[in-house]
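Below is the structure I would like to discuss, written out as structure tokens.
Sequential numbering from 1 along the given sequence is applied to the chain's residues.
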Amino acid sequence: MARKATNMTLHKAKSSKSDEFYTLLEDIERELEFYKDCFRDKTVYCNCDNPMESNFFKYFFNNFESLGLKKLISSYYVPNAQTLFDESVSEHGGYVECTSDDLNTDIADLPCRPFSGDGDFRSQECVTLLKQADIIVTNPPFSLFREHISQIARYNKDFLIIGNINAITYQEVFHLIQSNKAWLGVHLGRGISGFKVPDHYEMYGTETYIADNGDRIISPNNCLWLTNLDVKSRHNLLKLTKVYNGNEGLYPKFDNFNGINVNKTQDIPMDYDGVIGVPITFLHKYNPSQFEIIRFRKGDDGKDLSINGKCPYFRILIKNKQPIKDSAISSSLFA
């Protein structure tokens, strides 16, 4: 299936506050495969998830014993006396709690407890559940991503959440990444298949399709997993193969900052000891033991970084902690 590399679908969702994007089970299974050791004896809270619809809840319920969970909680929001999937539900949000004693029960038969309010993750009722949890795992509303990650940080919870790649540019998120309190997960962009949306949802362009079972799927290739759960891949050193000395013309300098621009992560030079501007996708390869994050986006004049008067798309300013010296370049290239 062809897909456009576009933000249109998620931008339209943000502007219209249409946030009912349900993560596909296949994407959850492929990402969670790398964190299985993180959940033993933990309480997982899916705080934006109707357990009757959520694949996050389904995944944790079906893998409760193999993950060694202590408890699973899932809560959901009901605006204006209905959900986008079921117009017959009550006007209140609700939640489900389950332990190992509930594993022989069908998901549809699990007792759901109503909230007195609508089940917004910011409500006091949901915050009370949040305080019980060890790890938050969910697909938060796109339009409320900043508030969701800020809440997680405020209560100092572990988390694994999915969102738009531009979330990196949010001050709340970038600060966590820069201070090594959050990092990108394993899958990014085309490594995330798509999202199920309600039947009434307007479909845009070639990044949308109807699945064989009739589900309406949008497949933007601009999403990421964000987490503070440790994963082996984030400790991998980025192999650098490009050289700055002798190739200075390939690395233009910024007008308003003493540093060079690199358009692709793979083009970071191994021998440059100054500051380098890289695209935000660099963070998928970022290892804090190899690089230092200096700044995001702005030059010394407080304006966006520019080259010959033109601003490249958001740049992260980094520095190689141990650049290879000239005498070691030849041996490193042919090692």
Checklist entry - Partners of N213 by side chain to side chain contact (heavy atoms under 4.5 Å, CB included), sequence neighbours excluded? => result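 Side chain to side chain contact (heavy atoms under 4.5 Å, CB included) list for N213, sorted by chain: A211, D215.
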
Next on the checklist: Does K321, at its NZ atom, have more than 12 non-hydrogen atoms belonging to other residues, nucleotides or ligands within less than 6.0 Å?
Outcome noted: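 Enclosed: over 12 neighbouring heavy atoms sit under 6.0 Å from NZ of K321.
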
Next on the checklist: Using a 3.5 Å distance criterion without hydrogens, assess whether the side chain of H92 forms a donor-acceptor pair with backbone atoms of S116.
Outcome noted: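 Here the side-chain-to-backbone pair exists.
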
Next on the checklist: Grouping I, L, V, M, F, W and Y whenever their side-chain heavy atoms are under 4.5 Å apart, do M270 and L250 come out in a common cluster?
Outcome noted: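 Looking at the clustering, L250 is in the same group as M270.
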
Next on the checklist: Quick one: does any side-chain atom of N139 pair with a main-chain N or O of F21 as donor and acceptor, under 3.5 Å?
Outcome noted: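 Side chain of N139 to backbone of F21, a donor-acceptor pair under 3.5 Å: yes, one is there.
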
Item to check | Hydrophobic cluster identity match, V262 and L237, side-chain contacts under 4.5 Å | outcome: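 Hydrophobic grouping puts V262 apart from L237.
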
Item to check | Sequence-distant partners of K319, side chain to side chain contact (heavy atoms under 4.5 Å, CB included), two or more places apart | outcome: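 With sequence neighbours excluded, K319 shows a side chain to side chain contact (heavy atoms under 4.5 Å, CB included) to I294, given in chain and number order.
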
Next on the checklist: Could you check, using the six-membered ring where one of them is a Trp, whether Y95 and F115 have ring centers closer than 6.0 angstrom?
Outcome noted: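 Yes, the ring of Y95 comes within the 6.0 Å limit of the ring of F115, centre to centre.
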
Item to check | Flag, side chain of S179 to backbone of H175, donor-acceptor distance under 3.5 Å | outcome: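 Confirmed, S179 side chain pairs with H175 backbone.
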
Item to check | Test: D300 and R295 ion pair at under 4.0 Å | outcome: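 Result for this pair is yes, salt bridge flagged.
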
Next on the checklist: Is it the case that atom CG in N258 sees more than 12 heavy atoms from other parts of the structure closer than 6.0 Å?
Outcome noted: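 Open: at most 12 neighbouring heavy atoms sit under 6.0 Å from CG of N258.
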
Next on the checklist: Please identify which of these residues, D49, T138, I162, I161, meets the side chain to side chain contact (heavy atoms under 4.5 Å, CB included) condition with T23.
Outcome noted: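 The residue from D49, T138, I162, I161 that satisfies side chain to side chain contact (heavy atoms under 4.5 Å, CB included) with T23 turns out to be I162.
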
Checklist entry - Linking I/L/V/M/F/W/Y whenever any side-chain heavy atoms sit under 4.5 Å apart, do L224 and I280 land together? => result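 Yes, one cluster joins them.
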
Checklist entry - With the threshold set at 4.0 Å, does a side-chain nitrogen-carboxylate oxygen contact exist between K157 and D134? => result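 Salt bridge flag = no for D134 with K157.
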
Next on the checklist: Taking I293 as the starting point, is it possible to reach I165 by hopping between hydrophobic residues whose side chains are less than 4.5 Å apart?
Outcome noted: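 I165 clusters together with I293.
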
Next on the checklist: For Y286 and F291: C-alpha separation, side-chain torsions, deciding distance, then whether ring-ring contact (aromatic ring centres under 6.0 Å, His included) applies.
Outcome noted: CA-CA 7 Å; Y286 169 57; F291 295 98; 7.2 Å; no

Name every donor-acceptor pair, under 3.5 Å, that has one atom in a side chain of residues 25-32 and the other anywhere in the protein, sequence neighbours excluded.
unit_1	atom_1	unit_2	atom_2	d
E26	OE2	S193	OG	3.1
D27	OD1	S193	N	2.9
D27	OD1	S193	OG	3.0
D27	OD2	S193	N	2.9
D27	OD2	G194	N	3.3
R30	NH1	H187	NE2	3.2
R30	NH2	G191	O	2.1
E31	OE1	H187	N	3.0
E31	OE1	H187	ND1	2.8
E31	OE2	Y35	OH	2.6
E31	OE2	V186	N	2.8

Item to check | Distance-minimising heavy-atom pair for M52 and I107 | outcome: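 That would be CE-O, 3.2 Å.
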
Item to check | Pair N263, N261: side-chain N/O donor-acceptor within cut-off below 3.5 Å | outcome: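 A pair is found: one side chain offers a donor N or O, the other an acceptor, under 3.5 Å apart.
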
Checklist entry - Mind checking what makes ring pair (Phe, Tyr, Trp, His ring centres under 6.0 Å) contact with F61, not counting sequence neighbours? => result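 Result, ring pair (Phe, Tyr, Trp, His ring centres under 6.0 Å) vs F61: F57.
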
Item to check | For D301, all residues meeting salt bridge (Lys or Arg N to Asp or Glu O under 4.0 Å), sequence neighbours excluded | outcome: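 Scan of D301 (salt bridge (Lys or Arg N to Asp or Glu O under 4.0 Å), adjacent residues dropped) gives none.
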
Item to check | Minimum heavy-atom distance P323-N320, with the two atoms named | outcome: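 Smallest heavy-atom distance, with atoms named: CD-O, 3.4 Å.
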
Next on the checklist: Is it the case that the side chain of S54 and the backbone of N50 share a donor-acceptor pair, with hydrogens and angles ignored and the cut-off at 3.5 Å?
Outcome noted: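 Between the backbone of N50 and the side chain of S54 there is no qualifying donor-acceptor contact (under 3.5 Å).
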
Next on the checklist: Taking the basic N atoms (NZ, or NE/NH1/NH2) and the acidic carboxylate oxygens, is any pair closer than 4.0 Å for E97 and R113?
Outcome noted: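 Result for this pair is yes, salt bridge flagged.
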
Checklist entry - Is there a donor-acceptor pair under 3.5 Å between the side chain of D106 and the backbone N or O of A108? => result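 No, the answer is negative, given that no donor and acceptor are paired below the 3.5 Å cut-off.
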
Checklist entry - Would you say D271's side chain and I324's backbone share a donor-acceptor pair under 3.5 angstrom? => result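 Flag not set: sc D271 to bb I324 has no pair under 3.5 Å.
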
Next on the checklist: Run the side-chain hydrogen bond (donor to acceptor under 3.5 Å, both in side chains) test against Q132 and tell me which residues pass, sequence neighbours left out.
Outcome noted: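 Per chain and number, Q132 pairs via side-chain hydrogen bond (donor to acceptor under 3.5 Å, both in side chains) with no residue.
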
Checklist entry - Residues two or more places apart in sequence or in another chain: which of them pass side-chain hydrogen bond (donor to acceptor under 3.5 Å, both in side chains) with Q151? => result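 Checked Q151 against side-chain hydrogen bond (donor to acceptor under 3.5 Å, both in side chains); zero matches.
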
Checklist entry - Where do K181 and W183 come nearest, in terms of heavy atoms and distance? => result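 That closest heavy-atom pairing would be C-CZ3, 4.1 Å.
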
Checklist entry - Does E147 have any side chain to side chain contact (heavy atoms under 4.5 Å, CB included) partners at least two apart in sequence or in another chain, and if so, which? => result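 Only F121, R122, L144 meet the side chain to side chain contact (heavy atoms under 4.5 Å, CB included) criterion with E147.
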
Checklist entry - Strictly under 6.0 Å, is that where the ring centroids of F195 and Y22 end up? => result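 No.
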
Checklist entry - Parallel under 30°, tilted from 30 to 60°, perpendicular over 60°: which one fits the rings of Y251 and Y244? => result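 Correct class here is tilted.
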
Checklist entry - Can you find a pair of side-chain heavy atoms, one from C311 and one from K303, that are under 4.5 Å apart? => result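 Heavy-atom side-chain distance check fails, nothing below 4.5 Å.
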
Item to check | Nearest heavy-atom neighbours spanning R315 and F296 | outcome: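 Smallest interatomic distance, heavy atoms only, reads O-CD1, 3.5 Å.
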
Just distance, no hydrogens or angles: give the donor-acceptor pairs under 3.5 Å from side chains in residues 62-73, sequence neighbours left out.
unit_1	atom_1	unit_2	atom_2	d
N62	ND2	K58	O	3.3
N63	ND2	Y59	O	2.7
S66	OG	N63	O	3.1

Next on the checklist: Is there a path of hydrophobic side-chain contacts, each under 4.5 Å between heavy atoms of I/L/V/M/F/W/Y residues, joining F314 to I268?
Outcome noted: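 Hydrophobic grouping puts I268 with F314.
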
Checklist entry - Is there a donor-acceptor pair under 3.5 Å between the side chain of D255 and the backbone N or O of G309? => result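 A pair under 3.5 Å: yes.
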
Item to check | Under 3.5 Å donor-acceptor, T227 side chain and F159 backbone | outcome: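 Present.
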
Can you give each donor-acceptor pair under 3.5 Å made by side-chain atoms of residues 36-46, sequence neighbours left out, with the distance rounded to 0.1 Å?
unit_1	atom_1	unit_2	atom_2	d
K36	NZ	E33	OE1	3.3
Y45	OH	S75	OG	2.6

Checklist entry - What pair of heavy atoms forms the shortest contact from I168 to V173, and how long is it? => result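 Closest approach of I168 to V173: CA-CG1, 4.1 Å.
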
Item to check | Gap separating the OG1 atom of T169 from the CG atom of N164, nearest 0.5 angstrom | outcome: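 The distance works out to 8.5 Å.
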
Checklist entry - Ignoring hydrogens and geometry, is there a side-chain-to-backbone donor-acceptor pair from E292 to I318 under 3.5 Å? => result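 Answer holds: no.
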
Checklist entry - Parallel under 30°, tilted from 30 to 60°, perpendicular over 60°: which one fits the rings of W225 and F56? => result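 W225 and F56: perpendicular rings.
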
Checklist entry - Which heavy atom in L317 sits nearest to a heavy atom in K298, and how many Å separate them? => result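 Heavy atoms only, the tightest pair is CD1-O, 4.0 Å.
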
Checklist entry - Which residues pass the side chain to side chain contact (heavy atoms under 4.5 Å, CB included) test with D230, sequence neighbours left out? => result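 Residues passing side chain to side chain contact (heavy atoms under 4.5 Å, CB included) with D230: R234, H235.
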
Checklist entry - With sequence neighbours excluded, what pairs up with S289 under the side-chain hydrogen bond (donor to acceptor under 3.5 Å, both in side chains) test? => result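 Listed in chain order: N287.
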
Next on the checklist: For S123, is there any backbone N or O sitting under 3.5 Å from a side-chain donor or acceptor partner on E125?
Outcome noted: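 A pair under 3.5 Å: no.
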
